[in-house]
Amino acid sequence: MELQLGLALPTNPTKGFDLNYYGYEPKEVVVSGLWFDGNNCYVSSHQDINIDDNKKRSFSQAFENSSTDRAVPRTLPLLLWNNRPNEEDDPKDPNNHHSLFAFNKNDDGDRDGVVGWPPIKSWRNNNNKRVCHDNQGGRRLLENAYAYCGGRRSNSMYVKVKMEGVAIGRKIDLTLHNSFQTLTDTLIDMFQKWLLETGQKNSNIYKLAYQDKEGDWLYTEDVSWRTFIGSVQRLKLLKSSSK
Amino acid sequence: MQRMAGSSFPEEVLEHVFSFIQDGKDRNVISMVCKSWYEIERWSRRRVFVGNCYAISPRMLIRRFPEVRSVELKGKPHFADFNLVPEGWGGYVGPWIAAMAVAYPWLEEIRLKRMVVTDEGLELISKSFKNFKVLVLSTCEGFSTEGLAAIAANCRNLRELDLRESDVEDQSGHWLSHFPDNYTSLVSLNISCLGSEVSFSALERLVGRCPNLRTLRLNRAVPLDRLANLLRRAPQLVELGTGVYASELRPDVFSNLSGAFSGCKELRGLSGFWDVVPGYLPAVYPICSRLTSLNLSYATIQSPDLIKLVSQCQNLQRLWVLDYIEDAGLDVLAASCKDLQELRVFPSDPYEAEPNVSLSEQGLVSVSAGCPKLESVLYFCRQMSNAALRTIARNRPNMTRFRLCIIEPRTPDYVTLQPLDAGFGAIVEHCKDLQRLSLSGLLTDRVFEYIGTFAKKLEMLSVAFAGESDLGLHHILSGCENLRKLEIRDCPFGDKALLANAAKLETMRSLWMSSCSVSYGACKLLGQKLPRLNVEVIDERGHPNSRPESCPVEKLYIYRTVAGPRFDMPNFVWTMDEDSELRLS
């Protein structure tokens with residue numbers, strides 16, 4: 001049986017979206033809205049005595065403050081977190097949400113792109129050869145989507161990385177690196193947490209290997225960066241002692 | 001005493017009647033009529049679709065439906081396709097295969113999407129199900145050609161092996177040789193995602209001895225000069241994916257190929273076309289008029305060649321193409337292909353700031369005007385206007401899937417510099433049967449007001465870099481009655497709307513929010529108060545407890561489930577529930 005769970009359906013759908021209607025007819029007491037003040041949780045239900053006519057507090061009553069014309073609704077005291085003013089509205093707060101939904105800046109400096117944008121499946125990038133115009137205006141086919149087109153890099157090139165002995169692999173964006181040093185450092189860092197958690201200490205004993213386009217596995221120490229980046233399909237960190 | 005009409009039928013009759021009803025939703029409705037119908041239905045259900053593999057456990061599924069022959073499972077959230085879900089998140093099919101190997105010995109079909117499959121799992125499949133017929137692995141990973149070898153060797157009745165877009169670790173091309181010489185039942189083979197070569201002679205022999213082969217999608221490693229041989233061995237093919245479509249231009253190779261194509265009278269769909277040498281395109285001209293489906297999304301050929309090709313495909317229903325087609329090519333498409341239902345235009349160079357092709361909103365407007373059956377659109381472009389969107393909406397009220405990606409985030413209407421709220425508002429207002437919508441460009445809370453008001457049939461919504469406040473999210477959650485999947489990234493949506501509409505989440509399959517403003521405290525609250533949801537916090541910065549409760553989480557994935565919290569999560573995913581306070585402290 002479908003329960004009506006507090007869907008707010010406006011009665012006049014055309015102009016003047018009516019925020020004042022926020023009613024429902026529950027078949028049983030169910031949680032449809034929650035308020036949290038850091039210590040107590042207020043659950044709204046049709047038995048809540050603060051609500052008249054079985055209508056829940058409307059969104060506009062709960063969230064809007066007519067004394068400001070800000071787009072972000074000011075919160076009522078019920079929505080204070082641990083009795084502090086709502087941190088979301090403070091633009092100076094370092095934990096402010098703006099820092100998260102701004103362009104995703106990685107620590108790896110020179111990227112001007114955003115992870116996963118535009119929304120194109122990675123195999124379309126990794127598998128496509130890129131057509132590129134070289135300095136003479138001629139056309140040149142370049143391998144493996146890692147194309148220098150007039151000096152500008154392709155946005156991302158994710159390959160899988162596995163560490164020997166670790167069940168779960170990771171993915172790394174190779175366009176953020178242009179040397180084995182930074183790559184290896186980043187990889188060790190990535191798996192460091194796992195190494196520490198499982199009590200393994202010595203991360204120096206791992207060597208980096210990669211699978212090339214022909215399916216062969218090679219050690220990165222044996223090739224140049226250029227050869228590597230033009231052919232790499234996936235990476236593996238192998239213990240030095242193994243072969 | 002007069003018996004109720006329903007119970008006076010013997011079970012066999014009801015079962016026979018139910019056998020005509022295949023659709024899962026219909027069968028769900030049937031099962032709710034009365035207890036005896038529930039019982040008869042569950043014993044006779046042969047096909048099950050589980051949209052979220054964590055919404056139910058294998059044991060529960062098997063307990064309710066003991067005689068299933070076909071299972072479809074989906075794992076990771078959709079945004080995993082764009083690297084937003086970290087590796088190791090989950091979606092392991094292992095437990096399902098292990099349980100079904102025992103409970104469903106007569107299982108015939110397994111279809112998986114975005115799941116992690118291992119070679120051991122594939123081997124178990126190949127050995128457990130004697131009548132196994134169909135394996136579809138869509139955007140899956142975790143297995144290698146060794147697992148495929150087991151499938152080839154052991155599944156005597158295999159009809160379909162489709163690896164579409166999966167990430168397969170290629171170890172050797174010899175897995176194909178594991179199909180026994182007396183194996184002849186192949187109907188559909190899709191290996192287009194494989195990187196390395198397969199054994200060509202094994203492939204040719206396989207194709208030659210399977211008279212029912214209808215679909216063959218080769219991988220890039222199959223050279224063009226071997227294509228003709230394959231086609232001559234399988235002239236009954238309905239769908240073909242070529243390998244690399246490039247070779248030194250030679251008249252003998254060309255005429256061989258052209259003749260082979262002409263011999264395929266049943267061919268209706270073409271794909272592949274990697275690295276196209278335009279001189280070889282005329283080889284397919286003789287069959288263009290029969291084509292209903294054409295995937296040129298890897299073909300780096302320019303507009304004039306595309307136009308020559310497309311203008312001959314009068315019966316085309318589906319076209320996937322790169323933006324090399326340009327507005328001019330889309331004009332020709334609009335004029336030539338009156339049966340077109342689905343158009344996808346992918347960007348050839350999405351990371352360049354400046355456009356490399358002459359493709360704008362005009363192309364899409366043209367197609368919307370010229371193709372009366374157009375209902376599904378995926379369009380990447382660099383500029384859009386409210387006027388164009390309004391025109392498209394008015395032209396095509398029959399639109400059901402509309403995904404627009406303006407490449408630069410927060411791009412306004414290029415004519416008026418206004419947000420694109422009104423344009424998308426027109427889309428949802430006119431296209432009353434819209435099921436899927438992806439937004440882009442500069443958008444305020446207003447667009448969500450329109451969506452909440454008008455998009456009553458909307459089932460899936462994708463939002464990125466849009467909105468101004470929680471009001472936007474509130475409009476969606478409170479207005480879209482049929483919403484099942486909502487995925488949001490980089491929007492200023494926080495706790496208020498989510499908490500106020502918490503109950504809505506139980507009516508949806510899932511909600512994804514990343515780089516938004518939902519706090520850890522709100523996640524904990526949702527998890528504690530709504531036991532029928534799994535509220536998963538994904539945060540690679542480390543334990544959420546190491547930051548203030550008001551700090552936003554990196555990523556949030558909420559889905560309804562009857563199976564309770566899962567236990568196969570990596571160390572950067574936490575489920576919020578009543579115990580989480582204890583477990584995390």
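Lettering follows sequence order; numbering is per chain, from 1.
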Would you mind reporting whether B/Asp167 and A/Gln233 have side-chain heavy atoms less than 4.5 Å apart? no

Determine whether A/Gln211 and B/Glu169 make a side-chain contact, defined as any pair of heavy atoms from C-beta on separated by less than 4.5 Å. yes

Checking B/Leu498 against chain A: side chain, backbone, both or neither under 4.5 Å from a heavy atom? neither

4.5 Å side-chain heavy-atom contact, B/Pro347 and A/Pro118: no

First locate atom CG of B/Asp170, then atom CZ of A/Arg234, and finally report the distance between them rounded to the nearest 0.5 Å. 8.0 Å

Would you mind checking which part of B/Phe346 comes under 4.5 Å of any heavy atom in chain A, side chain (CB onward), backbone (N, CA, C, O), both or neither? side chain

What distance separates A/Trp117 CH2 from B/Asn83 CG, expressed to the nearest 0.5 Å? 14.5 Å

Please state whether the side chain, the backbone, both or neither of B/Leu84 comes within less than 4.5 Å of a heavy atom of chain A. side chain

Does A/Val114 form a side-chain contact (heavy atoms from CB on, under 4.5 Å) with B/Arg489? I'd like the steps, not just the answer. CA-CA 11 Å; A/Val114 178; B/Arg489 62 161 299 174; 3.0 Å; yes

Is any side-chain N of the basic residue among A/Arg170 and B/Glu540 closer than 4.0 Å to the acidic one's carboxylate O? yes

Spatial distance of atom OH (B/Tyr351) from atom CD1 (A/Ile120) [nearest 0.5 Å]: 4.5 Å

Is any side-chain heavy atom of A/Val115 less than 4.5 Å from a side-chain heavy atom of B/Phe82? no

Close side-chain approach of A/Pro119 to B/Phe79, heavy-atom, < 4.5 Å: no

